[in-house]
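Remarks on the structure that follows.
Quick note: numbers below take in every heavy atom, side chains included, and nothing from hydrogens, waters or symmetry partners. Predicted model, so just to flag it, every value in this text is computed and none were measured. Lettering follows sequence order; numbering is per chain, from 1.
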There are 4 protein chains.
Amino acid sequence: MMIVVMKSQAKMGNVSAVIARIEDAGFRVHLSEGDERTIIGVIGDGRPLDRDQLERMPGVERCVPILEPFKLASKNFNPSGTSFPIGDHEVGKKEVLIIAGPCSVESRSQIIETAHAVKEAGAHVLRGGAFKPRTSPYSFQGLGEEGLEYLADAREETGLPIITEVMEPALVPLVCQYADVLQIGARNMQNYALLHAVGKAQHPVMLKRGMSSLMKEWLMCAEYILSHGNTRVMLCERGIRTFESYTRNTFDINAIPVIKELSHLPIIADPSHATGKWEYVAAAAKASIAAGADGLIIEVHPQPDIALSDGVQSLKPKRFAQLVSELKAIAEAVGRELRAQPG
Amino acid sequence: MMIVVMKSQAKMGNVSAVIARIEDAGFRVHLSEGDERTIIGVIGDGRPLDRDQLERMPGVERCVPILEPFKLASKNFNPSGTSFPIGDHEVGKKEVLIIAGPCSVESRSQIIETAHAVKEAGAHVLRGGAFKPRTSPYSFQGLGEEGLEYLADAREETGLPIITEVMEPALVPLVCQYADVLQIGARNMQNYALLHAVGKAQHPVMLKRGMSSLMKEWLMCAEYILSHGNTRVMLCERGIRTFESYTRNTFDINAIPVIKELSHLPIIADPSHATGKWEYVAAAAKASIAAGADGLIIEVHPQPDIALSDGVQSLKPKRFAQLVSELKAIAEAVGRELRAQPG
Amino acid sequence: MMIVVMKSQAKMGNVSAVIARIEDAGFRVHLSEGDERTIIGVIGDGRPLDRDQLERMPGVERCVPILEPFKLASKNFNPSGTSFPIGDHEVGKKEVLIIAGPCSVESRSQIIETAHAVKEAGAHVLRGGAFKPRTSPYSFQGLGEEGLEYLADAREETGLPIITEVMEPALVPLVCQYADVLQIGARNMQNYALLHAVGKAQHPVMLKRGMSSLMKEWLMCAEYILSHGNTRVMLCERGIRTFESYTRNTFDINAIPVIKELSHLPIIADPSHATGKWEYVAAAAKASIAAGADGLIIEVHPQPDIALSDGVQSLKPKRFAQLVSELKAIAEAVGRELRAQPG
Amino acid sequence: MMIVVMKSQAKMGNVSAVIARIEDAGFRVHLSEGDERTIIGVIGDGRPLDRDQLERMPGVERCVPILEPFKLASKNFNPSGTSFPIGDHEVGKKEVLIIAGPCSVESRSQIIETAHAVKEAGAHVLRGGAFKPRTSPYSFQGLGEEGLEYLADAREETGLPIITEVMEPALVPLVCQYADVLQIGARNMQNYALLHAVGKAQHPVMLKRGMSSLMKEWLMCAEYILSHGNTRVMLCERGIRTFESYTRNTFDINAIPVIKELSHLPIIADPSHATGKWEYVAAAAKASIAAGADGLIIEVHPQPDIALSDGVQSLKPKRFAQLVSELKAIAEAVGRELRAQPG
C-alpha cells in the first residue's frame, strides 16, 4: 500500500497515466483531488509495484509507502514473540541470556580457561571468534578451523553451547558442524549471499546490526534469513557509527524498545562493541537489561592486556562475575530472570 | 601539553623553528629523533600555544594534544563530584532527581493541573517552557513572561521548584526572577553570549547537549559557565542526531558513564527528546537510571493529543506515575534512591 | 496540507474524531477507506494544524506533511531567483562572488595588508571576524569593536565591502554600523533571538548552515529572517558533521543544486571550513563553482602559521590569487562569470 | 611507530612494564619524562605491536599511532600515481574516464540499446548489474549469468568494455569470464573473503566506498586486494550516510583531493548514488571533475520510469549526452581531457 502525491502543476494526463500503471499491476485506486494537488492511494493486492518507477513518472512528486517492507520479521507475523532454546536456556522468554567469552580464540588453553571462568561467573553461552574480520590484512585473522576445534573442546569441558562468527558462504557448512549459534557480524549484515547461506542452513543465527544500518534495513536482512524458513534468528544491537568519537560506537539503546515493537525476534545487546572501552561496559550492560533486552553478549578475557584483539573492551573474569550479580538485580527489577547457574 | 609529529621529510631547520616557537611561548621541549621521524614533546606551563599555528609550520605533520582542554569541568577539579540542592532535593548525590512537566506552559490551569499530577506521581521539580525555540516562525512560540508567572503560581500551589528555558542573554535577569533552575536548550549549547550571561547570573543551570556536539565540546560549554564562578551546573543528555530516523534522536547512553568519568558535574537524562515517542520513554528512562544518571527530565501532559508542542513524546500522568514506581526498583538495584514524596 | 494514515485496527469513532478535529480547524477532508486502512487527506486553508497533536489521537498511525513548511524561502515565492548588490557586485545573478580574508581580525596592519592582497588577487568582498565563537573560553575571542574599526579602515583603503559575524542580538545595531553584510555563524543558525534581530535590522545577511542541520531546517531559519521583510539573505554551505574525521567537516556539495531547486536565495560555499585543511581548499572551491554556487568565502591569511585562529585552513595570498585564476576558467565552463577586477 | 602516553598517576613499574613489552617485540624506545606525564615513543621495526594490548596495560592512558596502517595503497608506495588501461582508455592519467549504463541489466535489448546510446554520447565503459544487492529479498535480484551474457553481447556490438558487480567469492571466476572490470559494491567493501578472491583473480577492480566507511578503512580494503599483487585497483566515492535525508546519500567530495593525497590509486566518482536523484546528477558530476576525479560512473537508462531499479537517479541518454559535452569544458578548465569518441 502506498500513496502517490502528484505535483501541483501535474496535468490530468499525468494522473491518468499513474492510475493506469497502478491498475495494470492489479491494485485499486482511491483518488483525492484537492485544490492544490491530487493524491492517489494504492490499495489491495497486486504484483510488486516499484516506488522508484512511479516516482519517475511525469507529474509525480513522491510516493509514500504505508506498510512496512518486512513481513516475516514483522511483529504482526508472530505477536506473542519468538523464542527458541540455546543449550538449557530459552532466548526470547522471561529469562535473560548471558553470552560471554573472548573476542578471538587464541589457543586451546585460553579458550578453555575462559570458558570455565565465564561459566562460573554465570554465563550461559560461550563466544569466541575463529574467523575474524580485521580492518588490516596484516592483523591476526583468527585460528580458523583449529579455533573451531578448541571451541568444541571448551563446550565438551564446560557444557556451554558456543556461538562463533561465519564470514563467507562457503564456510557455513563447516562452522555449522561446530557452532550452536552462527554469528553474522556487523560488516556482513548486508552480505546477501551469506544471509541466504545461513538461511538455508536451518541453524540458529545471531544477526548483528551493521554499523550504519537503519533498523528497517536490519529487519530486512533478518527477512532474508527468515525467507528460507529458518526462524531461529536473534538480532544483536552493537552500536552504530556517529560523529561522536570518544567511544568506539554510539550504543543505540532506543533500538531495544523499537525492535520489540516492530518485530517478534529476540534482541541481544553487545555492550562491549557498543562502548569499546571496558570501563563503560557495566553501565551499558545494565542499561540494556533495564531497557528490555533479551540477553547480552560480553567480551571477557583472562588477560586483556595480551589479547590478540579487542583487549581494550574486554572485562576480566572477576569483574564480569561482579557484573552478572549486579545484572541479576536489574533483571528482577524489570520482571525478568537471570539464572546464574545453568539449568 | 602536546606532541608535535614532524613529517618524515622535515628538515633540521623545520625542527629548530618549531622548537624555537615552543620555547618562546615558555614551554620546555623533549625531543625524540627516530629513524623515520622526529617527535617533539611540549612540556610545562607557558602562554596558550595554538595547535593550528603549529600545524601550519613547515615540516609539521600534526599535533596531538595530550591533556583535555577543559579544566574547571574536569573530574580532577573535584574528584568527589559536585552536588547542589534544588528545592528539598540534592542533585549529584545518592538520590535520583525526577523533573517532569509539559513541553510548553499553555495556560494557568494546564500547568497547575500538571504540577499537581506530577507531584503526586513522585516528581521533584516541575518543567515547562515559557520561551520556546521552534523550527518554524509560524509555530506557537510560548507564552513568554505570562508563562513564567503561571509557573510561579504552580510552584506556589505545589511547592515544586521550577526549571524553564532561557533563550537569549537579555532575558536572563527576567527568567532568574521566576525559575529555580535555568535551562539552556540544545540549539543554544554553543550560544556563547548566553553561556556568559547565565554564568554571571550565579543561578543553577541545566545545560543540554547540542544535537551534534561531541562530549568534549559540551564540557567546554560548561566550562564557559563555570569560568564565572557559577558552579551549580548540571548536564543533560537528550539524544544526538544520527542517520537513524525512526526515532527523533539517538539516545547516546554511553554519555552517562563517560561524563561521570570525565567530569564532576551531575548528569540528567531526557528520555522524551532522546526517543521522541512516548512508547519508548519508559525503556529509555529505566536504562538511564541503570547506567548511572543522576536524574531524569520527562515530558508529561494531561492531554497529549491537544498539547501545543511535543505531544507525541509526552506521557499522561497515570503512565508517568507507573513509570516512577518502576524506576524506584531500578534505582535501588543500582544502589541509588528515588524518593517518591518530596522531603 | 497533510495526510493522516489511520492504524489498521482504528475504529470508526477514531476516524470521526480526527475528521472533527480537522474540520474544526477550518480544513476540508478527503476520505479514502481501504480494506486495510483509512486515509484522511487534509485540504484547504485553516488555522495551523499541529502534526504532533494529530499523531497523538487514538487510532492514528502517522501524519505525512505534503507541502514544505517554508513559504517565503521557497522557490515558488520568487521563481526567477533573488539577487542583491554587495558593493559593486550583484550576488545571485550570472557573476560569481568572491569573499576572502582572515578568520579573525588580529591587528590593523594585518587586516589592511590582507585586504590589499585579496583585492589584488580578485576578491570582491573582505571577510574578517571581530567577534569570534570559540570552543574554549580560554582561546582568543576576537578584538570586538576595535576589530570592526579596523575592518572599516580596510574598506576605506581598498573599497572592498566587508562581511563580519554577529553573535548576539544586543550587538546587531553596532555591527550594522560597520558591516556591509552580517554573518550568522553555524553555531547560531538556530539562535532565534538573533535571527529576529537581524531580520529587523534590514541589513544584508549571510546565514551559515548549522553543522548538523537539515537543509529544510536551514531554510526555516532563513524564513525567520525573511518574515521581517528582510529579503537580502544569502545562504552559506560550510560542511556538515559526519563520522568522517579526516577532514574537519564533510562538504555537502549536494546542497548547492538542492538549495537552487528548493529556494530562490543565493548560495555561497565555504571551502575553508568545509574541508578544514588548506591543501583541499582549491579542489572544494572549484567543485563549488562547477556545481552552481553563486559565490565563495575563502580564508586567506598572509602568515597562516601565526594566525590566531584557523591557520590550518587558510590560504596564503599568492596561492589564493592562483586559485582565483583557475576558478575563472571553471566559471566560464559553466556559463558564469568571475570578474577578477572590481567594477 | 606509535606514541604511548602514560597516565599522570602511572607508577615507575608501569612504565618499565610498557618498555619491556615494546622491546620484547623488537622495537626501540624513546622516553620523554615530563612533570605531568611520561611519554614513550616506539621506534624501529619489530613484530606487529597491538595498540589495544598496550592500551590495556596498567598506567597507560592511550596510544597514538603515527604512521598510516596502509602500505601498498599509500601514496609513498607509488608517488607518481597508478594508471592502467580499460579498453582503449587509460584510467589514472590525464584523461577522464566515463562509465555509464543502467543500474541493472533487464533484457538483451535494453542493455544493447543503452550501450549504443551511451557510446554515442561519449561513454568509454558500459556499466550494468547482473547480480544485484537489494535491500528486500522480494525485489528483483538481477538476471545472473544471463545478464552477464547480455553484457558480453553489448560489448561485442559496441566495443565498450564492461564493468559489473560481483557479490560473492564463489562467483568471481564466472564474472571474470565476462567482465573487463569487477565492481565491489558499497555493502561489500569489508567483505574480506570477497576482497581476497578478487585480489587473487588479478582482474581490474573498482572498489566502492562503504556507506559509513572512513577513508582510511577504505584504503585498508584496497590493501587487502593489493596484498595479492593485483595492482589494477580504482576507488569509487559514491556518497556516505549522514543525518541529511533529503538526498539519498551525502556526496563526500572532499574524498577526491584527500585520496589523491593519501594514495596513488585512481578515484572515480558516482554522482548517481551520491545524490540519488537525477535532477542533481549533473551538478555533482561537474563538481567531481572540477575537484580532480579520474572518472565518473553514471546511471543511464532509456526509460527510467520503467527501470527495475534506481530509475529515480538515472539520466535519459539525451540528457547524459548533454552532460558529457558540459563535462568536457570543465575537464579542460582543470587541465584534464575528456575524449568523447573512443580511441
Side-chain angles (χ1 to χ4, degrees), chain B residues 21 48 50-58 60 69-71 131 133-141 167-171 186-196 210-214 216-217 220-221 223-224 226-227 240-241 243 278 303-314, chain C residues 21 48 50-58 60 69-71 131 133-141 167-171 186-196 210-214 216-217 220-221 223-224 226-227 240-241 243 278 303-314:
Chain B
R21 172 78 64 91
D50 195 85
R51 179 182 169 184
D52 277 3
Q53 283 192 8
L54 285 175
E55 288 198 342
R56 270 311 285 262
M57 292 186 73
V60 173
F70 40 90
K71 298 183 198 309
F131 298 95
R134 299 304 299 272
T135 306
S136 167
Y138 311 123
S139 298
F140 173 64
Q141 308 276 321
M167 285 170 62
E168 52 181 303
L171 292 176
R187 291 174 178 86
N188 282 314
M189 187 194 87
Q190 291 187 312
N191 182 336
Y192 299 122
L194 185 60
L195 297 179
H196 281 303
M211 74 180 164
S212 66
S213 297
L214 299 173
K216 293 191 176 181
E217 292 169 341
M220 287 308 293
C221 290
E223 189 88 9
Y224 265 87
L226 295 166
S227 70
I240 57 174
R241 180 165 272 182
F243 64 84
W278 69 264
Q303 289 171 280
D305 65 330
I306 61 163
L308 294 181
S309 54
D310 281 355
V312 170
Q313 68 194 35
S314 298
Chain C
R21 172 80 64 93
D50 195 84
R51 179 181 169 185
D52 277 3
Q53 283 192 8
L54 284 175
E55 287 198 343
R56 272 308 288 260
M57 292 186 73
V60 173
F70 41 90
K71 298 182 199 310
F131 298 94
R134 299 305 299 274
T135 305
S136 166
Y138 311 123
S139 300
F140 174 63
Q141 309 275 319
M167 285 169 61
E168 52 181 300
L171 292 176
R187 291 174 178 85
N188 281 314
M189 188 194 86
Q190 291 187 312
N191 181 336
Y192 298 122
L194 185 61
L195 298 178
H196 280 304
M211 72 181 165
S212 65
S213 298
L214 298 172
K216 294 192 175 178
E217 291 169 342
M220 286 309 294
C221 290
E223 190 87 11
Y224 265 87
L226 295 166
S227 70
I240 58 174
R241 179 166 272 182
F243 63 84
W278 68 265
Q303 289 171 279
D305 65 331
I306 60 162
L308 294 180
S309 54
D310 280 355
V312 170
Q313 68 193 35
S314 297

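By the 4.0 Å N-to-carboxylate-O rule, C:Arg241 lies close enough to B:Glu217 to be salt-bridged with it.
With rounding to the nearest 0.5 angstrom, the CZ atom of B:Arg187 is 9.5 Å from the OG atom of C:Ser213. Distance CG/C:Leu194 to CE/B:Met167: 11.0 Å, rounded to 0.5 Å.
Interface check for chain B: of the options C:Leu195, C:Ile306, C:Asp305, C:Asp310, the most heavy-atom pairs under 4.5 Å are formed by C:Asp305. In terms of heavy-atom pairs under 4.5 Å with chain B, the best-connected choice from C:Lys216, C:Glu223, C:His196 is C:Glu223. For the options B:Ser309, B:Pro133, B:Pro169, B:Pro58, heavy-atom pairs under 4.5 Å to chain C are most numerous at B:Pro133. For the set C:Ser314, C:Gly210, C:Cys221, the entry with the most heavy-atom pairs within less than 4.5 Å of chain B is C:Ser314. Of the residues considered (B:Ser139, B:Pro137, B:Ser136), B:Pro137 shows the highest number of contacts with chain C, using heavy-atom pairs under 4.5 Å.
Minimum interatomic distance between B:Leu308 and C:Gln53 (heavy atoms only, all atoms of both residues): CD2-NE2, 3.8 Å. The minimum heavy-atom distance linking C:Met220 with B:Thr135 is given by the pair CB-O, 3.3 Å. In this structure, C:Ser227 and B:Tyr138 approach most closely via the heavy-atom pair CB-OH, 4.5 Å.
Looking at B:Asn188 and C:Gln190, their side chains never come closer than 4.5 Å, going by heavy atoms from C-beta outward.
Heavy-atom distances place no part of B:Ala170 under 4.5 Å from chain C, backbone and side chain included. Neither the backbone nor the side chain of B:Ile240 comes within contact range of chain C, judged by heavy atoms closer than 4.5 Å. The parts of B:Leu214 that come within reach of chain C are both its backbone and its side chain, each placing non-hydrogen atoms under 4.5 angstrom from that chain. Proximity to chain C (any heavy atom under 4.5 Å) is restricted, for B:Arg21, to the side chain, taken from C-beta onward. For B:Gln141, the part sitting under 4.5 Å from any heavy atom of chain C is the side chain, from C-beta outward, and nothing else.
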Checklist line | Check against side chain to side chain donor-acceptor pair (under 3.5 Å), B:Arg134 and C:Tyr192 | finding: CA-CA 8 Å; B:Arg134 299 304 299 272; C:Tyr192 298 122; over 6 Å; no
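Panel note: side chain C:Arg56, backbone B:Pro304; no donor-acceptor pair is recorded below 3.5 Å.
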